[in-house]
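Have a look at the structure below, then the notes.
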Amino acid sequence: MFTKISFRYLQRVLRLAAALLAIALPLGLLIGGAQPVAVGLVPPPWDKLVHAAVFAVLAGAIGYASGLRGSRALALAFFSASTVGVLDELHQMRLPGRSAGWDDLAADAFGAAIGAASLLWRERLENRLLKNPFG
């Protein structure tokens, strides 16, 4: 038998999942990126698409987990994800077989911008659903 789940409860669960994702992704970059198998794992130019996708998800997760709305969520998501991108590139400079690049950092920032912008889209959709849930 199913029970009715409140919207607030669902938001809390989703925020917790987003917070865990926001922690897991940078750890995965740090630990997974240091493994020898990471060298040349995704060939150019596809690696830029992977960079953008990972950082879009990271920015979205950070922004949603924060519980902030509007420009505050957007700024936090973008700058936090971009900072992780800078730290990841600095980390790669010290790894054998890996290299840091401005092009990777640009792809990270582009993905962070997309992820941050998706927060505004989610907020608008959520507001519309709350105003008229069946329309």
Side-chain angles (χ1 to χ4, degrees):
M1 179 160 183
F2 294 103
T3 60
K4 203 172 191 180
I5 298 175
S6 75
F7 184 70
R8 287 191 185 273
Y9 177 76
L10 182 60
Q11 278 185 319
R12 277 188 292 220
V13 170
L14 290 175
R15 280 205 178 97
L16 176 61
L20 292 174
L21 185 60
I23 293 168
L25 279 174
L27 284 176
L29 290 171
L30 181 68
I31 296 167
Q35 304 307 312
V37 71
V39 177
L41 184 64
V42 181
W46 303 108
D47 62 327
K48 304 307 176 253
L49 183 62
V50 172
H51 274 266
V54 167
F55 282 87
V57 171
L58 178 60
I62 289 169
Y64 189 72
S66 74
L68 297 173
R69 298 178 72 75
S71 61
R72 288 182 180 177
L74 188 115
L76 176 71
F78 176 76
F79 289 114
S80 297
S82 295
T83 300
V84 170
V86 169
L87 295 173
D88 183 44
E89 293 304 313
L90 290 172
H91 179 242
Q92 286 181 23
M93 290 172 62
R94 297 186 172 147
L95 297 174
R98 304 290 305 270
S99 61
W102 290 107
D103 51 346
D104 288 344
L105 191 56
D108 297 345
F110 180 73
I114 290 172
S118 74
L119 295 168
L120 297 177
W121 174 79
R122 181 209 51 88
E123 193 174 308
R124 288 181 184 145
L125 179 63
E126 187 178 272
N127 288 338
R128 192 174 342 148
L129 289 174
L130 287 174
K131 287 180 185 173
N132 189 7
F134 301 108

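The nearest pair of heavy atoms linking Leu29 to Val84 is CD1-CG1, 4.2 Å. Pairing each heavy atom of Ser82 with each of Ala112, the nearest pair is OG-CB, 3.9 Å. Considering all non-hydrogen atoms of both residues, Gly101 and Glu89 come closest at N-OE1, 3.1 Å. Nearest heavy-atom pair across Val39 and Pro96 is CG2-O, 3.9 Å. Nearest heavy atom pair, residue Ala77 against residue Ala59, reads CB-O, 3.1 Å. Of all non-hydrogen atoms in Phe110 and Ala52, the two that sit nearest each other are CD2-CB, 4.3 Å.
Judged by a 6.0 Å distance limit and a 45° cone about the ring axis, Arg122 is not positioned over the six-membered ring of Tyr64.
Distance check, rounded to the nearest 0.5 Å: CZ of Arg12 to CZ of Arg8 gives 8.0 Å. Taken from CG in Leu119 to CZ in Arg72, the straight-line distance is 15.0 Å, to the nearest 0.5 Å. Separation of atoms CZ (Phe78) and CD1 (Ile62) is listed at 11.5 Å; rounding is to 0.5 Å. From Leu27, atom CG reaches atom CG of Leu20 across 11.0 Å, with rounding to the nearest 0.5 Å. The CG atom of Leu105 sits 10.5 Å away from the CD atom of Gln92 when rounded to the nearest 0.5 Å. Atoms CG and CG, from Leu95 and Leu90 in turn, are 11.0 Å apart once rounded to the nearest 0.5 Å.
With hydrophobic clusters built from ILVMFWY side chains whose heavy atoms lie under 4.5 angstrom apart, Leu41 shares a cluster with Leu49. Under the 4.5 Å side-chain contact rule for hydrophobic residues, Trp102 and Val42 do not share a cluster. By the rule that hydrophobic residues join a cluster once side-chain heavy atoms approach within less than 4.5 Å of another member, Leu21 and Val50 end up as members of one cluster. When hydrophobic clusters are built by joining Ile, Leu, Val, Met, Phe, Trp and Tyr residues whose side-chain heavy atoms come closer than 4.5 Å, directly or via intermediates, Leu68 is grouped together with Leu58.
Counting only distance, with no hydrogens or angles, the side chain of Ser66 and the backbone of Gly63 share a donor-acceptor pair below 3.5 Å. Judged by distance alone, with hydrogens and angles left aside, the side-chain atoms of Arg98 form no donor-acceptor pair with the main-chain N or O of Ala34 at under 3.5 Å.
Asn127 and Glu123 share no donor-acceptor pair across their side chains, judged by distance under 3.5 Å alone.
A side chain to side chain donor-acceptor pair (under 3.5 Å) with His51 holds for exactly one of Asp88, Asp103, Asp108; it is Asp108.
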